[in-house]
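These notes concern the structure reproduced below.
In each ligand, atom 1 is the first atom listed, and ligand 1 is the first ligand listed. If you're wondering where the values come from, they're calculated on a predicted model, not measured in any experiment.
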Amino acid sequence: MAANKKLLVLPGDGIGVEVMGEVERLLGWFDKKRALRFDVESAHVGGAAIDAEGKPVSDATVKKAAAADAVLFGAVGGPKWDNLPFDMKPERGLLRLRKDLGLFANLRPATCFEALADASTLKREYVAGLDIMILRELTGGVYFGEPRGVETLKDGTKRAVDTQVYTTPEIERIARVGFELAKKRNNKVHSVEKANVMHTGVLWRETVTRLHAKEFPEVELQHMYADNCAMQLVRNPKQFDVIVTDNLFGDLLSDCAAMLTGSLGMLPSASLGAVDPKTGKRNALYEPVHGSAPDIAGKGVANPIACIMSFAMALRYSFDLPDEAAVVEKAVTRVLGQGLRTGDIMQAGKTKVGTREMGEAVLKALEQG
Ligand code: NAD
């Protein structure tokens, strides 16, 4: 049995703390029942770190995150810290972790549980059983490109500039992650850009085509323009397996795909760095897509499933334990099948439960195997 995997747990603020509490109980279960030992350390991040350590993430915590095999992150933010200067805001803690750990690949699965197919705004037959992975480039593109800024022109009007920029190595490394993911899934990649109107799109398409021919000819590859992809996601989402795209298009398309699955409280994510050629280690941070939800924080009603599914992603992608990940996913599927629902996914005729009861039910389902 694998032993001593190093995990850094950063619950953060608001419901981050509540949903992470349920993941910590799962860790205890794996330790006791499957002899799967984790060296778990926890630290503050976000508002909690501002209160305890004077900044949204301390240098010591960043160091621990870089040394860990995986970071489990809850959520940050809240009204208490809303009026702080930009660089002191809780969200800066997360942005610094992403940057310092070099987390360039953002994986956002959009999975629609059979039991929740009616919660989507699309018809059941289009979303039931949906399982797609949106892979977004996270550290390049128009959100970082230079020059950027706003200038005032001579006539008093303003001019704003953002620059979309990608290099061949940046495209290759994200596309490589996409092909590797597809090999473990349904072997199909859609590479998405706008090569019809953007130079970065042309380079993106050329680079992905070349990499595919050289390293991944066995994977099915299709190119698609981003606007068409948005349309196809709501027309026939099940045609996709892995979608690999840049930072801006990934931002938009992953939110669009999220809505196919019903609720924010169900969506996990992973952010991965490059594999270190010397050690084979890859930095990784796993987090629910939702925020700290101040409107329900402290009430014990948050849905812990996004955080639990983020832990399942850590088992699969950082620890290469697909069977253990599947055990967690199966337990969640079973609990939903039994009709248990937190408020965010509540439907008529189902049983409403809180965070703790949902976590308990997942543990019980794990027991049943
Ligand atoms: P949010 O995701 O926190 O909440 C949006 C809505 O969804 C709320 O009504 C909330 O109650 C509900 N919701 C979210 N997660 C839920 C869950 N697990 N179970 C049940 N309901 C859930 O987004 P917001 O309200 O825009 O932001 C609140 C705070 O969170 C802000 O300070 C924001 O900056 C921060 N935020 C942090 C992250 C992060 O840490 N990665 C992401 C988004 C927002």
Please confirm whether the backbone N or O of [Y] pairs with a side-chain atom of [X], one donor and one acceptor, at under 3.5 Å?
X: T245; Y: V192; answer: yes
X: K89; Y: D82; answer: yes
X: D13; Y: G77; answer: yes

At what distance is the nearest protein heavy atom to [atom], and which residue and atom is it?
atom: atom 17 (C) of ligand 1; answer: N303 N, 3.7 Å
atom: atom 28 (C) of ligand 1; answer: P294 CD, 3.4 Å
atom: atom 5 (C) of ligand 1; answer: L264 CD2, 4.0 Å
atom: atom 8 (C) of ligand 1; answer: D295 OD2, 3.4 Å
atom: atom 29 (C) of ligand 1; answer: S292 OG, 3.3 Å

Salt bridge (charged side-chain N to carboxylate O under 4.0 Å, His left out) with E324: which of R316, K33, R34?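 Going through R316, K33, R34 one by one, the salt bridge (charged side-chain N to carboxylate O under 4.0 Å, His left out) with E324 is satisfied by R34 alone.
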With D118 as reference, evaluate K350, R341, R124 under the salt bridge (charged side-chain N to carboxylate O under 4.0 Å, His left out) test and give the passing residue.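 Result: among K350, R341, R124, R124 is the only option passing the salt bridge (charged side-chain N to carboxylate O under 4.0 Å, His left out) with D118.
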Is the charged tip of R136 near the ring of F249: under 6.0 Å from the six-membered ring centre and within 45° of its axis?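 Geometry flag: not set, cation outside 6.0 Å or 45°.
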Which atoms from ligand 1 have a heavy atom of [X] less than 4.0 Å away?
X: I15; result: 15 (N), 16 (C), 17 (C), 18 (N)
X: G77; result: 32 (O)
X: A75; result: 40 (O)
X: G78; result: 32 (O)
X: E287; result: 41 (N)
X: G265; result: 17 (C), 18 (N)

Check whether any side-chain heavy atom of L285 lies under 4.5 Å from a side-chain heavy atom of L97, and answer yes or no. yes
My question is simple, although I want it checked carefully: is atom 25 (O) of ligand 1 less than 4.0 angstrom from any protein heavy atom? no
For atom 37 (C) of ligand 1, state whether the nearest protein heavy atom is under 4.0 Å away.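 Looking at atom 37 (C) of ligand 1, one finds that a protein heavy atom does lie closer than 4.0 Å.
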Can you tell which of [options] gets a heavy atom nearest to [atom]?
atom: atom 34 (O) of ligand 1; options: H290, K299, M266, E91; result: E91
atom: atom 23 (O) of ligand 1; options: A302, G291, G47; result: G291
atom: atom 22 (C) of ligand 1; options: V289, I296, L94, D82; result: I296

So which of D276, V275, L272, L103 actually passes side chain to side chain contact (heavy atoms under 4.5 Å, CB included) with N283?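 Checked D276, V275, L272, L103 against N283; only one passes side chain to side chain contact (heavy atoms under 4.5 Å, CB included): L103.
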For F319 and F38, what are the C-alpha separation, side-chain angles and deciding distance, and is it a ring pair (Phe, Tyr, Trp, His ring centres under 6.0 Å)? CA-CA 11 Å; F319 302 127; F38 293 98; 5.7 Å; yes
Shared hydrophobic cluster for F104 and L94 (ILVMFWY, side-chain gaps under 4.5 Å):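 No, because F104 and L94 fall into different hydrophobic clusters, even though each may have its own neighbours under 4.5 Å.
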For atom NZ of K188, decide whether the heavy atoms of other residues, nucleotides or ligands shown that lie under 6.0 angstrom number more than 12. yes
Geometric N/O contact A293 with ligand 1, under 3.5 angstrom: yes
Residue part near ligand 1, for V76, under 4.0 Å between non-hydrogen atoms: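 It is both parts that get close, each with some atom under 4.0 Å.
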